[in-house]
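Chain identifiers are assigned alphabetically (A, B, ...) following the order of the sequence lines, protein sequences preceding nucleic acid strands; residue numbering begins at 1 within each chain. These values consider heavy atoms only, across backbone and side chains, with no hydrogens, waters or symmetry-generated copies.
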Amino acid sequence: MSFSPGPPLQPNFYAQDPLVVARSLLGAVLVHEHSDGTRYMGRIVETEAYRGQEDQACHAKVGRTPRTETLFGPPGIGYVYLIYGMYHLFNVVAWPEGKAAGILIRGIEPISGITGTTHGPGRLTRAMKITGEHHKQPVWEGSLRIHGGEGVPESQVSTGPRVGVDYAGEWAMKPWRYWITDHPNVSAVPNKKKR
DNA sequence: GCACGGATTTCC
DNA sequence: GAAATCCGTGCG
């Protein structure tokens with residue numbers, strides 16, 4: 001492919017309000033220069049914002065701990081963790097240092113290097129070979145980066161409640177999930193019953 | 001030191 | 001509806 005992304009997004013981009021960052025990341029390009037020589041690229045089509053210590057869906061709700069320290073730290077740092085013992089989820093720290101926030105990358109559209117399916121936050125990290133080694137790594141330099149994309153017009157952006165956070169009470173209803181309307185690579189919300 | 005449950009996905 | 005399967009957190 002001849003597609004070439006823009007320059008990496010700089011730390012000041014991530015210092016904005018996490019809601020703005022989550023919205024603005026739509027259309028940006030996730031790039032992983034793997035040590036095996038493969039260059040994985042995907043266009044971000046779905047994100048979620050986790051905003052502040054008071055957000056009961058955000059890991060930082062427990063305050064500053066060894067685990068959440070990264071979220072309170074400087075913006076533009078990767079936050080990768082293992083969920084349910086089997087899936088890595090990839091986030092980027094937002095807001096200035098001292099204010100905890102993270103943007104979960106939930107869906108990408110494959111551009112190059114990617115094999116297999118990418119819908120869903122756990123699947124896309126597998127497809128792009130993102131692992132714990134990227135935790136706490138800056139995403140504007142290094143092997144895993146986010147580059148500027150073409151931008152997505154407001155008319156193509158949908159918002160809604162975040163997925164899998166029903167336990168968070170009123171916070172679960174915040175429309176802090178952003179995706180490109182009708183995009184096929186947006187994660188499917190599974191049926192709560194049979195499928 | 002131990003019990004509990006989760007920003008998920010898949011199968012019955 | 002529940003398993004798979006690891007670890008952060010809370011409590012003792």
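- Scored by the side-chain hydrogen bond (donor to acceptor under 3.5 Å, both in side chains) test, A:Tyr50 finds A:Glu48 as partners (sequence neighbours excluded).
- Pairs of Watson-Crick or G-U wobble type, with distances under 3.5 Å, assemble into runs of 3 or more in DNA chain C at these ranges: B:1-6 with C:6-11, B:8-11 with C:1-4.
- Judged as a side chain to side chain contact (heavy atoms under 4.5 Å, CB included), and not counting sequence neighbours, the contacts of A:Pro175 are A:Thr159.
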Each nucleotide in nucleotides 5-12 of chain C should get exactly one letter: B, S or -. Can you fill that in based on protein heavy atoms under 4.0 Å? BB-SS---

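- The stretch residues 17-28 of chain A has no heavy atom under 4.0 angstrom from DNA chain C at all.
- One interatomic measurement links the two molecules: CZ of A:Phe90 to P of B:dT8, which rounds to 16 Å at whole-angstrom precision.
- Contacts of residues 41-53 of chain A with DNA chain B (heavy atom under 4.0 Å): A:Tyr50.
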Distance-only check: which donor-acceptor pairs under 3.5 Å involve side-chain atoms of residues 145-153 of chain A, not counting sequence neighbours?
unit_1   : atom_1 : unit_2   : atom_2 : d
A:Arg145 : NE     : A:His147 : NE2    : 2.9
A:Arg145 : NH1    : A:Gly142 : O      : 2.8
A:Arg145 : NH2    : A:Glu33  : OE2    : 3.2
A:His147 : ND1    : A:Gly6   : O      : 2.7

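- Not counting sequence neighbours, A:Asp182 has no partner by the side-chain hydrogen bond (donor to acceptor under 3.5 Å, both in side chains) test.
- Scored by the side chain to side chain contact (heavy atoms under 4.5 Å, CB included) test, A:Gln16 finds A:Phe13, A:Val20, A:Val21 as partners (sequence neighbours excluded).
- A search for side-chain hydrogen bond (donor to acceptor under 3.5 Å, both in side chains) contacts involving A:Ser143 returns nothing, not counting sequence neighbours.
- Evaluation of the side chain to side chain contact (heavy atoms under 4.5 Å, CB included) rule for A:His135 yields A:Thr70, A:Tyr79, A:Val80 as partners, not counting sequence neighbours.
- Considering only residues two or more places apart in sequence or on other chains, A:Glu133 meets the side chain to side chain contact (heavy atoms under 4.5 Å, CB included) condition with A:Thr131.
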